[in-house]
Every structure is written in structure tokens, then in C-alpha cells.
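A short worksheet on the structure shown next.
This chain uses plain numbering: 1 for the first residue, then up along the sequence.
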Amino acid sequence: MCQNDKIQQSGSLCCQKCRIQRCNAEYVASFSPSGGLQEEVLPDVDYCIALRAYSLCTRRTAHGCRGDLVYHSAVFRIKELFAQHNCSSDGPTSSAKAPSTSKPPVVDVCNYESRVLALGPAAQQKKYGHCGLFGDPHLRTFRDEFQTCRVEGAWPLIHNRYLSVQVTNVPVVEGSSATATNKITVIFKSYHDCTEQKVYQATTEDLPSAFQDGTRSGGKGESLWIVEGSGGLGIRQVKIHARYLGTSIIVRQVGRYLTFAIRMPEDLAEENGGLQLCLHGCPRSEVISALLITPLLPYNLI
């Protein structure tokens, strides 16, 4: 609003020169470095820089804003803010910081998918490996190799810093080279604050739906849990989900024996120098010809 008749006669020119609204807008925008979507609290140093820039803007437009109530209100408010925040009128009016970028995503350490997303597009291309032991017995490795093996006694399927799986195989028929699994032990090793060590063990006499300590879940935000279900055709099965590893395990009871299947990220199925049937397959001395196998168990259960 222009103050006297002389200014009123050239009011349109006068009011066009007043840029106080632009100063106000720039000042408000300085509190929203992420695009102005929401106001953010700036550190004291940055606040004083923004306030000095606001004051400079009002001084530059002072000539065209004589008599403008919004302008005079802004000038008065700036003086109050300088005193309130103990800011000096002398100093930089712009920050040397690089432009702010979008905030990084919050990473849930106990969620494998969340950790992968935080690593960027390249990491998101990671694949999953599958391993299974079934029949008498047939092995599918993480490399999608299929073998039939003797492997009587206790053998490690997986053994790394996250997880250990051991199976025990016994002869199917006396005098035959074919064996089948009658015991499976899965050890989930402690991982950060996500879970303490948990052990699951199944035998032909007992396919429990809980860990050995009696619990059915564990860890932060239930990052590890067990679900009991049916594999069809009256076959009992237990699924174990390890969210912090992005891993799922299925243990089934088929007749008098057990089968095992796992889906695990390839980058977690790591080499540690030891014997791991899921990673390396069976030793040559344990591999047997399919012609010697008696088909007592179904082979399509993984």
C-alpha cells in the first residue's frame, strides 16, 4: 500500500518495485533444504546465515517498499530474531555447504531385504540359491547340480558364520548303498542384536514346531520364526523363516524319513574351507550310480 498522493499516482510502479514477498518466500524456503516439503530445524550457524540473507533482501528492496505494511512488519521481525537467536548482522549470507540431497533410507539391520536395498541397484541384483536333500538320498546343490550319494552317518550340508545344518543318514535297506535322512540339526548363530543362537532339531520320531528351547520365534522383531504346516498327501512339514538372513528352510517327514530344503541368498552361502554338501556336492567317493538306487522315496519334494 502506497502512502501519499504522489506515490499513489505512480502506485503501480511503486508496488511493482516492492519485492518483500519474494524475500519472505526465500527465507521460508531456506528452512526446507529437501525441497520445501516440510520445515526443518537448522543449526544456529545456518539459521543466522538465513536471517542475514533475509535482512539483506529487505534492504535491497527498501526503496520500493516505503509505506508497505508487510515490508515494515518484516523489518521489525528481523530485528527481533537477530536478538532472540544472538545472531550478528555481520557475516556470510550463504552457506558453503553442498546442496542437500534426499535423506538415505532407514536400514533395518534385522531385515536382509532392507540391507540390500540400502546398498543400491547393483546389490539388488543378487540371486538366491536353493539346496535340498531328499530321497535315498538325492542332493541338489546351490549351483543346481544334482547328485545321488551314499553319505552314511553325520554330514554337514551348510556351515558358515550365519548358519550350520547337519544331517544324519542311515541305510534304507540292509546291505544297500542307499541311505535316507533320519535326523536334521539346524543351528542359527547369533547375529548382531537380531537373534541369539537358536537350535532346531528334527528326527523321524519327532518333527517339532519349536526350537529346542521351546520357543517358536526369536530375535528382534521376530526376525526368526517357525510355522507348522502340511506338504500335501498327509506329509507333515515345518517352515523356518530367518528374516535377518533372507532365508527359508523346509523340513518334511516322508514316511520314516526326513527331507530338507533351503532358499538362501547366494552371497550368504559362503566358502569357509570346510566340507559343505550344499556348496560343493558330495565327495567323489560317496557318489553312487542311479542304477544302484532302490526308489523307496518320492524325489519331488523340494
Side-chain angles (χ1 to χ4, degrees), residues 128-142 146-172 178-191 195-218 224-242 245-264 268-269 272 274-283 286 296-302:
Y128 288 83
H130 297 79
C131 176
L133 188 71
F134 60 103
D136 47 2
H138 301 292
L139 173 70
R140 175 189 179 179
T141 73
F142 283 133
F146 289 84
Q147 297 178 338
T148 301
C149 313
R150 183 178 294 103
V151 288
E152 182 178 348
W155 290 81
L157 290 184
I158 300 170
H159 183 62
N160 56 45
R161 74 178 105 170
Y162 312 104
L163 180 68
S164 289
V165 179
Q166 181 173 282
V167 296
T168 301
N169 299 319
V170 295
V172 173
T179 64
T181 303
N182 71 347
K183 183 177 179 181
I184 297 175
T185 303
V186 183
I187 302 174
F188 295 92
K189 301 176 182 179
S190 60
Y191 183 83
T195 184
E196 66 279 15
Q197 180 170 294
K198 289 280 188 178
V199 179
Y200 177 81
Q201 188 171 91
T203 65
T204 52
E205 291 79 24
D206 184 25
L207 183 67
S209 57
F211 296 105
Q212 282 196 325
D213 61 5
T215 62
R216 300 187 66 169
S217 63
L224 181 64
W225 74 96
I226 294 178
V227 178
E228 186 177 11
S230 172
L233 301 176
I235 298 172
R236 291 185 61 224
Q237 71 175 28
V238 168
K239 289 185 178 181
I240 307 176
H241 300 279
L245 297 179
T247 296
S248 296
I249 291 174
I250 297 178
V251 178
R252 289 181 175 137
Q253 184 168 10
V254 184
R256 295 181 296 131
Y257 302 106
L258 302 173
T259 72
F260 172 86
I262 185 170
R263 177 182 181 269
M264 187 176 194
L268 299 188
N272 71 349
L275 178 62
Q276 301 184 63
L277 301 191
C278 278
L279 198 58
H280 306 296
C282 299
E286 298 296 317
L296 297 178
L297 297 176
Y299 298 157
N300 58 345
L301 295 176
I302 59 173

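- Of the candidates Leu133, Thr148, Thr259, Thr148 is the only one forming a side chain to side chain contact (heavy atoms under 4.5 Å, CB included) with His138.
- Within the 3.5 Å criterion, the main-chain N or O of Ser209 finds no donor-acceptor partner in the side chain of Tyr200.
- The heavy-atom pair separating Thr195 from Lys189 by the smallest distance is CG2-O, 4.1 Å.
- Considering Ile226, Ile250, Ile249 as possible partners of Lys239, the one that fulfils the side chain to side chain contact (heavy atoms under 4.5 Å, CB included) test is Ile250.
- Here the straight-line distance linking atom CH2 of Trp155 with atom SG of Cys278 works out to 13.5 Å at 0.5 Å rounding.
- Interatomic distance, Thr204 OG1 to Arg256 CZ, rounded to the nearest 0.5 Å: 8.5 Å.
- Contact of the Phe142 side chain with the Ile158 side chain is registered, since non-hydrogen atoms from C-beta on lie closer than 4.5 Å.
- Evaluation of the salt bridge (charged side-chain N to carboxylate O under 4.0 Å, His left out) test over residues 198-216, restricted to residues two or more places apart or in two chains, returns Glu196-Lys198, Lys198-Asp213.
- Take Ser248 and apply the side chain to side chain contact (heavy atoms under 4.5 Å, CB included) test, not counting sequence neighbours, and it matches His241.
- Remark: Gln253 pairs with Leu207, Arg236, Leu258 by the side chain to side chain contact (heavy atoms under 4.5 Å, CB included) rule, at least two apart or across chains.
- Listed by chain and number, the residues in a side chain to side chain contact (heavy atoms under 4.5 Å, CB included) with Thr168 are Ala154, Asn182, Lys183 (sequence neighbours excluded).
- For the atom pair CD (Glu286) and CG (Leu277), the distance works out to 9.0 Å, reported to the nearest 0.5 Å.
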Exercise. For side chain to side chain contact (heavy atoms under 4.5 Å, CB included), just list the numbers for Leu139 and Cys282, CA-CA rounded to whole Å, side-chain angles, deciding distance to a tenth of an Å, and then say yes or no.
Key: CA-CA 8 Å; Leu139 173 70; Cys282 299; 3.7 Å; yes
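- Sorted by first and then second residue, the salt bridge (charged side-chain N to carboxylate O under 4.0 Å, His left out) pairs with a member in residues 150-170 read Arg161-Glu270; sequence neighbours excluded.
- Atoms CZ and CG, on Phe260 and Leu157 in that order, are 6.0 Å from each other to the nearest 0.5 Å.
- Distance check, rounded to the nearest 0.5 Å: CG of Leu224 to CG of Leu245 gives 8.0 Å.
- Shown here are the side chain to side chain donor-acceptor pair (under 3.5 Å) partners of Gln201, two or more places apart in sequence or in another chain: Thr185.
- How far CG of Leu279 is from SG of Cys131: 9.0 Å, rounded to the nearest 0.5 Å.
- Considering only residues two or more places apart in sequence or on other chains, Tyr191 meets the ring pair (Phe, Tyr, Trp, His ring centres under 6.0 Å) condition with Tyr244.
- Legend: residues meeting ring pair (Phe, Tyr, Trp, His ring centres under 6.0 Å) with His159, ordered by chain and number and at least two apart, are absent.
- Side-chain N or O atoms of Asp136 include none that pairs as donor or acceptor with a backbone N or O of Ala178 at under 3.5 Å.
- Minimum interatomic distance between Pro208 and Ala202 (heavy atoms only, all atoms of both residues): CD-CA, 4.1 Å.
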